Q: 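Pasting a structure here, questions to come.
This structure is a prediction, so every number in the text was calculated from the model and none was measured. Order of the sequence lines sets the chain letters (A, B, ...), proteins ahead of strands, with each chain counted from 1.
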Amino acid sequence: MADLSFLEELNPSQQKVVKTVEGPLLVIAGAGSGKTKTLICRMAYLVYQGVNPEKILLLTFTRKAAKEMIDRAEELLKKNCQKISGGTFHSLCQYMLRFYGYLLGYNSNFTILDRSDAEDLINLLKSSLGFSDKKKRFPKKDTLVSIYSKIINQKKSLEEILSSEYPQFLDYYYEIEKLLTEYTNYKKEYQLMDYDDLLVNWLSILRQYPQVRREVGERYNFIMVDEYQDTNYLQGEIIKYMGEIHQNVMVVGDDSQSIYGFRGANFRNIFEFPKLFSNTKIIKLEQNYRSTQAILDLANVIISNSKVKYTKNLYTVKKGGERPILFRAKDEAESSKFVADRILELREKGIKLSQIAVLFRSAFHSFDLEMELNKRGIPFVKYGGLKLLESAHIKDFVAFLKILVNPKDYLAWNRVLLLLEGIGPKTAERVINCLKNSEASLKTTIEKLKYHIHSKELDRLINLYTELLFNFHKLSTSETLLKVWETYYPIFQRIYYEDYNKREKDIESLISLSEKYSSVEEFLTDLVLEPLEVEETLSTAKEDECLVLSTIHSAKGLEWHTVFIISLIEGRFPSYYSMQKEEELEEERRLFYVAVTRAREKLFLVAPMTIYLPGEGKVLAKLSRFIQEIPLSLLNYYKEPLKTQDLAGTKTVNEVPSFKIGDLVKHPYFGEGEIMEIISPEKIKVYFEKKGITLLNLKYAPLEKLV
DNA sequence: CCGTACAATGTTTTT
DNA sequence: CATTGTACGG
C-alpha cells in the first residue's frame, strides 16, 4: 500500500490545491509552476482517500496528455488509476452524445466531420443553392466554415462577425445566412456533427434536461480541467452544468498563456469561473521550478510589455543560468546550419536529442531546417503541421469506412462516388438521391442501383458493400479495412498514378493502426478527435532518441533542457495575419512567452537576416518586434568563433574595433542598432531602431560595440 | 455530363 | 506552390 509521502515534495500552495477536494476551485498557475505535477498528485490523493477512480473526470488539451497524467498518478499511488476518465472536451462530448444524442434526434452512430469534411459539405450546399456560379466574390468554403465557427464559439451574430472581420461579404448577408441554415439542417438530417456541434449539442442537452445533469453529476463526482485559459464560453457552460450537483470542479490555467483565441478561447474565461460557481476558492502558484533565472527574466520582460495586465509574476528557485543567446543568421540556410551545429555540440556534451526542441510559429518555418537535419542524419519528430487525415488518399479511404458505419453519411457517399471512373457531380447526385429516397435497407438499395447506373467500378463498390454488410460483425476492424483497401486499390492507382507508392505506406500504417480497435466506428472517432501526425506513424520506435520539432501551439505544456526558437522575424513571428489587430498581436506575444518558458536550461533565439519569398526572391527580414523590445542586457549575442584567417584579415584593416554583420552597436545620437551590411572597411550600414537603416563612415562615427 | 488542361489565387495556429 | 476554379474537347 502506497502512502502519501508524495505530498512532501509539494510546496504549501500546491499542497493546498491537492487537499482542497470539495467545492469549486480555481488555480492560477504560472508557467513551470508544477501545475501538472499538482494535478497528478490531486488525482492520486483523491483515489487514496477512497474515491472511486471511475468517478473522476480529467479534461486536458489532448488525450495523450490525459493518458500521461493518469499513468503518472498510478505510478505515485501504485494503485489502479487507469479507470479515471480522461480526455478532451470534444472527446467527452462525443462520448456523452453517443448516449444522450437521441434526445436531440441523433443516433449513436453519428459521423463526426473534421474541418475539411465541413468544408466539403458547405461547398456541396453552396453549389446546390446556386451560389457558386454567378456571384463572383462569394466567400470560399474555408472562409464560410470559419465564419460559422466564429459565430458559435464567440457567441456572436453573423452580422457582428461579418462587419468586424469580413466587411467585404456584407452584401451577401442573406445568402450566407441561408447557406448556414442549410448547413445546420443538413447535418441534423443526416446524422453528422462537426467539432463545434459536439460542444453545442451536448451543452444543449445539459441545458434542457435537469435529469441528465443529475445523472452526469452522479457519474462524475470530481471534475478537473487543465489549461482552462484556452476554453471558450461553451466549455465553461458545459462544466457549469456537469458540476451543478456536487460543485466539485477544479480548473487550472494561466491567463498569460492563452493562445487559442482564434478558436474562440478567451483568457478572460478564467476570471468568469467564479461567476459560474459561487464560493470559488482561488489559489495561485507562482513559483517556477522549471527555468533558470536568466530565462525567466526574459519571459517576465516579454509579458510585462503586454498591454493587458496579467495576474502573476514568476520567481524561480533556479538562480543564475546562462543568458539566452540571440543569433542573427545571414539567411535561412545559415540559421539551419547554426541550429544543427549547436544540437550536435549539445549531444556531445551528453544532452539527449529528446531533451532538445526547435519551436516555431508556423509549420512551414522548419522546412529548411528539416532538410539540413536529414542531410546530417539527425533524427527528429515533427508536431503540428500536416495531419495524416488531411491527405487526399486517406480521406478517400476513410470515406469508404464512414459509409459502412453511417450509411446516411451522403457526404462520404459523394466523395466515394466521385472517385469512380465515369461518375461526376451530376451522376453522384442522382445516385445519392436514389439512396435517400429509398426506405429499404442499404443492401437492397445497393442492389437496385445496379439497374440505374452502369459502371464497372460502381459494380465493384456494390460488391464490396454487399459483402461487408453481410459479414459486418464477423470481421475484425483491420480485416474490414483490408477488404476496403482491395476495392479501393485500383482506383487509388489510377488517381494517384504519379506517386501512389509513396502514398501506399500511409494506408498500410493506417491499417496496422486499426488493429488495436474493436470496431470501425471507434477507429474513425479516434482518427477525427485525435488526428495523427504524419511522422507519428513512421517513427514511433526510436522516439526517445529523437529531436523534437514543433509548432508552439503543439508544444503547450511540454518542456525541454534546450529550446531553439527559429524564424523570429516580423511577418513570421508575429505572423502577418496577426499584425493588424491589437488583440491578435497580444496573443502572438503570449505565444512567444509560452515558447520561451518551455526551456529549462538553455534558450536560443534565431532569426535570419534575409528570407526567400516565392515570386519576390530574397528579401530583407526585420528582427521580430518581440526581440527588439528586450533589453540587450538580458541576451547574449552569438558570434561564430573567429577563424584564424578572419582574424588576420580584420587586424590589418584598421584599428577601430572590427564589426561584423549582426553586431549590436551604440551610437551617441541614434542609440542602439544592429549592423546590416559592411560596404567597405570604413563604410557600414546600420539599422537603428530610432532612425532606420543608416550609412555610417567609421572614420567619423564614434560607434561603440555592445555585448 | 465527364475529364483534363490551364489560369488564378493567396498562403497560421487546432479540436 | 498547391490548391481551387474555369474553359473546352470528347
Side-chain angles (χ1 to χ4, degrees), chain A residues 59-66 87-94 112-120 123 126-127 132-133 135-138 140-143 145-146 149 152-153 193-200 227 230-232 234-235 258-265 359-367 383-387 389-392 417-430 453 455 494-495 525-533 550-556 567 571-579 584 587-588 590-592 594-595 612-616:
Chain A
L59 293 172
T60 56
F61 221 67
T62 62
R63 284 204 279 183
K64 203 170 128 206
T88 62
F89 269 93
H90 289 86
S91 68
L92 167 77
C93 292
Q94 171 269 144
I112 302 169
L113 305 180
D114 69 10
R115 185 168 175 123
S116 69
D117 296 331
E119 287 175 1
D120 289 347
N123 227 16
K126 187 170 132 190
S127 52
S132 16
D133 316 331
K135 323 270 180 177
K136 277 294 164 211
R137 281 175 48 244
F138 200 74
K140 292 221 210 76
K141 58 179 183 176
D142 52 327
T143 317
V145 172
S146 301
S149 187
I152 305 284
N153 286 298
M193 290 198 208
D194 61 24
Y195 287 132
D196 296 334
D197 290 328
L198 293 173
L199 302 178
V200 170
E227 310 280 9
D230 285 321
T231 58
N232 60 25
L234 287 169
Q235 292 161 322
S258 165
I259 55 176
Y260 279 88
F262 65 92
R263 209 167 86 182
L359 306 181
F360 32 85
R361 169 70 237 259
S362 312
F364 75 91
H365 296 164
S366 68
F367 286 169
Y383 296 107
L386 248 198
K387 300 288 188 293
L389 195 61
E390 282 165 23
S391 46
L417 289 169
L418 287 176
L419 291 173
L420 307 180
E421 188 129 59
I423 296 183
K426 292 289 170 198
T427 317
E429 208 183 323
R430 259 174 61 216
I453 290 111
S455 150
R494 173 171 56 80
I495 298 177
T525 300
D526 260 29
L527 222 47
V528 190
L529 290 182
E530 195 84 353
L532 289 160
E533 310 278 344
S550 175
T551 58
I552 299 166
H553 284 92
S554 299
K556 190 162 93 158
S567 274
R572 285 194 169 184
F573 201 173
S575 148
Y576 287 120
Y577 313 103
S578 306
M579 297 204 311
E584 290 176 30
E587 181 154 314
E588 297 280 310
R590 292 193 294 270
L591 197 57
F592 185 45
V594 169
Y612 184 81
L613 285 184
E616 290 173 67

Q: Check whether any side-chain heavy atom of A/H553 lies under 4.5 Å from a side-chain heavy atom of A/L591, and answer yes or no.
A: yes
Q: Write down the distance between CG (A/D194) and P (B/dT14), rounded to a whole number of angstrom.
A: 18 Å
Q: Charged N to carboxylate O under 4.0 angstrom, A/D142 versus A/R115?
A: no
Q: Check this one for me: any side-chain N or O of A/S554 less than 4.0 Å away from OP1 or OP2 of B/dT13?
A: no
Q: With centres under 5.5 Å and planes under 30° as the test, does A/Y260 stack with B/dT14?
A: no
Q: Which residues satisfy the side chain to side chain donor-acceptor pair (under 3.5 Å) test with A/N232, sequence neighbours excluded?
A: A/N153
Q: With sequence neighbours excluded, tell me which residues meet side chain to side chain contact (heavy atoms under 4.5 Å, CB included) with A/T525.
A: A/Q94, A/R98, A/I112, A/L529
Q: Find every protein N or O atom lying less than 3.5 Å from an N or O atom of nucleotides 7-10 of chain C, and list the pairs.
A:
none

Q: Provide a list of protein-nucleic acid N or O atom pairs under 3.5 angstrom, restricted to nucleotides 10-12 of chain B.
A:
unit_1 : atom_1 : unit_2 : atom_2 : d
B/dT11 : O3'    : A/Y577 : OH     : 3.4
B/dT12 : O2     : A/R361 : NH1    : 2.8
B/dT12 : O2     : A/R361 : NH2    : 2.4

Q: Go through the structure and list residues passing ring pair (Phe, Tyr, Trp, His ring centres under 6.0 Å) with A/H365, not counting sequence neighbours.
A: none
Q: Mind calculating the distance between CZ (A/R590) and P (B/dT13) to the nearest angstrom?
A: 18 Å
Q: Would you kindly give the CG-to-C1' distance between A/D230 and B/dT13, to the nearest whole Å?
A: 11 Å
Q: Taking atom C1' in both B/dT12 and C/dG5, what distance in whole Å separates the two?
A: 24 Å
Q: Taking side chain to side chain donor-acceptor pair (under 3.5 Å) as the test, write out the residues that go with A/S578, two or more places apart.
A: A/E588
Q: Under the 6.0 Å and 45° cation-pi test, does A/K556 pair with A/F61?
A: yes
Q: Reckon A/F89 touches a base, only the sugar-phosphate, or nothing at all at heavy-atom distances under 4.0 Å?
A: nothing
Q: List for me each residue that meets side chain to side chain contact (heavy atoms under 4.5 Å, CB included) alongside A/S391, sequence neighbours excluded, and say none if there are none.
A: A/H393, A/I394
Q: If the condition is side chain to side chain donor-acceptor pair (under 3.5 Å), which residues does A/T60 pass it with, not counting sequence neighbours?
A: none
Q: Quick one: which protein N/O atoms are closer than 3.5 Å to N/O atoms of nucleotides 1-5 of chain B? Pair and distance per line, please.
A:
unit_1 : atom_1 : unit_2 : atom_2 : d
B/dC2  : OP1    : A/G424 : N      : 2.9
B/dC2  : OP1    : A/G424 : O      : 3.4
B/dC2  : OP1    : A/T427 : N      : 3.0
B/dC2  : OP1    : A/T427 : OG1    : 2.2
B/dC2  : OP2    : A/K426 : N      : 3.4
B/dC2  : O5'    : A/G424 : N      : 3.4
B/dG3  : OP1    : A/G422 : N      : 2.5
B/dG3  : OP2    : A/I423 : O      : 3.4

Q: Please list, chain by chain and in numerical order, all residues satisfying side chain to side chain donor-acceptor pair (under 3.5 Å) with A/R263, sequence neighbours excluded.
A: none
Q: Whole angstroms only, please: what is the OH-P distance between A/Y195 and B/dT15?
A: 7 Å
Q: List the residues meeting side chain to side chain contact (heavy atoms under 4.5 Å, CB included) with A/D114, not counting sequence neighbours, and say none if there are none.
A: A/S116, A/D117, A/Y195, A/L389, A/V528
Q: Tell me: NZ of A/K141 to P of C/dT4, nearest whole Å?
A: 4 Å
Q: What is the separation between atom CG on A/L359 and atom C1' on B/dT13, rounded to the nearest whole Å?
A: 13 Å
Q: If I take atom CG in residue A/D120 and atom C1' in nucleotide C/dT3, what distance separates them, rounded to the nearest angstrom?
A: 13 Å
Q: In whole Å, what is the span from the CZ atom of A/R115 to the C1' atom of B/dT14?
A: 9 Å
Q: Could you list the residues that satisfy side chain to side chain contact (heavy atoms under 4.5 Å, CB included) with A/F367, not counting sequence neighbours?
A: A/F364, A/E370, A/K382
